[in-house]
Amino acid sequence: MQAVATTSVMPTGAALGAEIRGVDLARDLDGETFRRIEDAFNRHGVIFFRGQDITVGQQIAFARRFGEVEINVNTQACLPGHPEVLLVSNIRENGRYIGLADAGTTWHTDMSAYACPPRCSILYAKEVPSAADGTILGDTIFASAAAAHDALAPETRKRLAGRRSTHSYLAKMMARKEAVGLTREVTPEHLAKTPPVAHPVFRTHPVTGRQCIYVTEGECTGIEGMADAEALPLIAELHRHLIDPRFQYRHRWRVGDVLMWDNCSCQHLAVRDYGEGQRRLMHRVTVNGSVPV
Ligand code: OGA
Ligand code: MN
């Protein structure tokens with residue numbers, strides 16, 4: 001058990017994100033410490049803990065405090081023997097990537113083309129790439145979908161209130177291929193599990209009740225009851241607005257970081273500014289969520 005008094009929440013000063021200090025995730029968290037962490041998570045959308053040294057079991061146990069852990073459909077990208085741990089990595093072994101090499105390389109929120117997307121995703125940084133001069137590479141940029149919603153023009157909010165947009169997994173993968181050239185194999189089994197799904201354009205956060213922009217350019221192929229000629233420019237406009245730097249926090253990784261994000265209140269982008277020889281390895285555990293409303 002850890003003393004509650006040692007836990008502190010340090011907001012990044014950006015539109016979202018906070019560092020949690022004084023917590024060792026290798027130990028069991030008492031109820032009060034967990035409550036503070038969960039509260040910071042709901043409030044800040046992204047939280048991170050530096051300098052952690054945890055086992056696979058400890059990362060899974062921490063994730064379970066937030067809900068049921070999901071088993072990713074990309075089983076070939078999971079840690080052997082641990083289907084709860086998805087490897088996000090550019091490392092190749094025996095001629096193939098050990099995990100997902102293209103994860104997050106276009107703006108998105110995780111698995112939003114699913115009927116019931118995850119509440120949160122938790123990344124544990126095992127290897128972080130750097131340039132020859134020591135500059136850290138492979139940052140992740142987060143954007144507050146809640147702050148972006150609140151800053152929309154009232155006419156735009158009114159025009160889109162109550163509307164639903166269609167999310168397509170295939171469209172997302174095609175957009176990603178176009179943007180970064182690489183992509184995982186999209187299997188017929190995977191496609192069968194992810195038929196296009198409609199979600200609210202503005203999603204209500206299940207805990208805070210805040211309204212969040214839940215539209216992703218590329219993945220969203222239309223808005224129900226609206227002609228594409230009107231819907232597609234609106235989707236593009238929402239996207240451009242959401243990724244405005246004033247809504248962002250950019251995380252510069254260190255080995256030992258445990259960082260988690262809220263898949264309702266933010267979107268994120270993996271910055272692919274490193275090459276094949278610069279190894280990056282993240283262990284991701286994902287927690288199930290609720291149907292967007
Ligand atoms: C993910 C993801 C970002 C990164 O794992 O869902 O988007 O920087 N990762 O690895
Ligand atoms: Mn992601």
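Whatever order the structure lists them in is the order used to number ligands and atoms, beginning at 1. Because the structure is predicted, anything quoted here is derived from the model rather than measured.
With 3.5 Å as the limit, one finds no donor-acceptor pair spanning the side chains of S165 and E224. Remark: the T33 side chain and the D30 side chain contain an N/O donor-acceptor pair separated by less than 3.5 Å. No side-chain donor from either of T216 and W107 sits under 3.5 Å from a side-chain acceptor of the other.
Between Y169 and Y114, the ring planes are perpendicular. Angles over 60° get that label, and only those under 30° would be called parallel.
Summary of contacts: the protein heavy atom closest to atom 8 (O) of ligand 1 is T140 OG1, 2.6 Å.
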Report the C-alpha distance between T286 and N72 in whole Å, list the side-chain angles of each, state the deciding distance to 0.1 Å, and finish with yes or no for side-chain hydrogen bond (donor to acceptor under 3.5 Å, both in side chains). CA-CA 8 Å; T286 311; N72 198 279; 5.3 Å; no
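Applying the 4.0 Å criterion to heavy atoms of H268 picks out, from ligand 1, the atoms 2 (C), 6 (O), 7 (O). For ligand 1, the atoms closer than 4.0 angstrom to any heavy atom of R284 are 1 (C), 5 (O), 6 (O). Listed by atom number, the atoms of ligand 1 under 4.0 Å from G104 heavy atoms are 7 (O). Atoms of ligand 1 lying under 4.0 Å from at least one heavy atom of A270, given by number and element, are 3 (C), 4 (C), 8 (O). Here is the list of ligand 1 atoms found below 4.0 Å of a heavy atom in V88: 5 (O), 10 (O). Counting the atoms of ligand 1 from 1 in the order shown, those under 4.0 Å from a heavy atom of D110 are 6 (O).
One finds a salt bridge joining R35 and E32 here, because a Lys/Arg side-chain nitrogen approaches an Asp/Glu carboxylate oxygen to under 4.0 Å. Look at E38 and R65 and you find no salt bridge, because none of the NZ, NE, NH1 or NH2 atoms lies under 4.0 Å from a carboxylate O.
Between H108 and ligand 1, a contact under 3.5 Å exists for at least one N or O pair. At least one N or O atom of R280 sits closer than 3.5 Å to an N or O atom of ligand 1.
The Mn ion (ligand 2) has H108 NE2, D110 OD1, H268 NE2 as protein N, O or S atoms under 2.8 Å away.
V293 is not listed as a side-chain neighbour of R203, based on a closest heavy-atom distance of 4.5 Å or more.
Identified under the salt bridge (charged side-chain N to carboxylate O under 4.0 Å, His left out) test for residues 253-266, with sequence neighbours left out: R50-D257.
With a 4.0 Å heavy-atom cut-off, ligand 1 is reached by the side chain of W261 but not by its N, CA, C or O.
The six-membered or imidazole ring of F62 lies near that of F49, with a centre-to-centre distance under 6.0 Å.
Note that the CG atom of L160 and the CG atom of L152 stand 8.0 Å from one another [nearest 0.5 Å].
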